[in-house]
Amino acid sequence: QSNSRNSVSHSTKSDRIRALSVDSTFDECHDSTLSSQIALPKLMLLTVAGPPTGCYELWTDVHDYSSINGWLRTDNSNIDGVYVQFQSEMMEADGALKLRALSQKFAVGVWGLNGIDPD
């Protein structure tokens, strides 16, 4: 009977080791698979094109995007890009060039007011 207990105990210990091995292999596979397949969403700063109406708004303009560098390029920043508010000047050659230059540095999105700005 003692052999039977040792055998059961040994089998259980072996099963645990096998299960632990499978679990850690799964975790390693799972972690590398997830990190290669899941793209995290970009964290974007939302700005306004007119003078701010609240202390929480950051103002930038198609004529001068230089302030964005200071907001996004810091030692503690994890912000990927910026949403700028639509301005009709963006549709002109100079405005389009400035917007394109900004998009060479950061991820850029343009937002507009529903029913007012073009889609």
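Side-chain atoms are counted along with the backbone in the values below, which use heavy atoms only and exclude waters and symmetry mates.
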Original post:
What are the two closest heavy atoms between Gly50 and Trp59, and how far apart are they?
Top reply: O-CD1, 3.1 Å

Original post:
Does the side chain of Arg73 reach to within under 4.5 Å of the side chain of Phe106, using non-hydrogen atoms?
Top reply: yes

Subject >> By side-chain contact (heavy atoms from CB on, under 4.5 Å) - contacts of Trp71 (at least two apart) >> reply: Leu45, Thr47, Leu58, Thr60, Ser67, Ile68

Sequence neighbours left out, cut at 3.5 Å: what donor-acceptor pairs do the side chains of residues 78-85 make with other protein atoms?
from: Asp80; atom 1: OD2; to: Leu43; atom 2: N; distance (Å): 2.8
from: Gln85; atom 1: OE1; to: Ala49; atom 2: N; distance (Å): 2.8

**OP:** Let me see the working for Trp111 and Met44 under side chain to side chain contact (heavy atoms under 4.5 Å, CB included), right down to the final yes or no.
**Re:** CA-CA 12 Å; Trp111 70 273; Met44 307 280 281; over 6 Å; no

**OP:** Quick one: do Lys98 and Leu102 satisfy side chain to side chain contact (heavy atoms under 4.5 Å, CB included)? Show the steps, please.
**Re:** CA-CA 6 Å; Lys98 290 181 179 180; Leu102 182 64; over 6 Å; no

Subject >> Same apolar cluster (I L V M F W Y, side chains within < 4.5 Å links), Leu46/Met90 >> reply: no

Subject >> Stepwise side chain to side chain contact (heavy atoms under 4.5 Å, CB included) test for Asp61 and Gln87 >> reply: CA-CA 8 Å; Asp61 186 278; Gln87 293 176 273; 3.0 Å; yes

**OP:** Supply the atom-to-atom distance Ile116 CD1 to Asn114 CG, rounded to the nearest 0.5 angstrom.
**Re:** 8.5 Å

Original post:
Are Thr53 and Val48 side-chain neighbours, meaning at least one heavy-atom pair lies under 4.5 Å?
Top reply: no

Subject >> Euclidean distance, Glu92 CD relative to Leu99 CG, rounded to 0.5 Å >> reply: 12.5 Å

Subject >> Heavy-atom check, side chain of Asp94 versus side chain of Glu89, under 4.5 Å >> reply: no

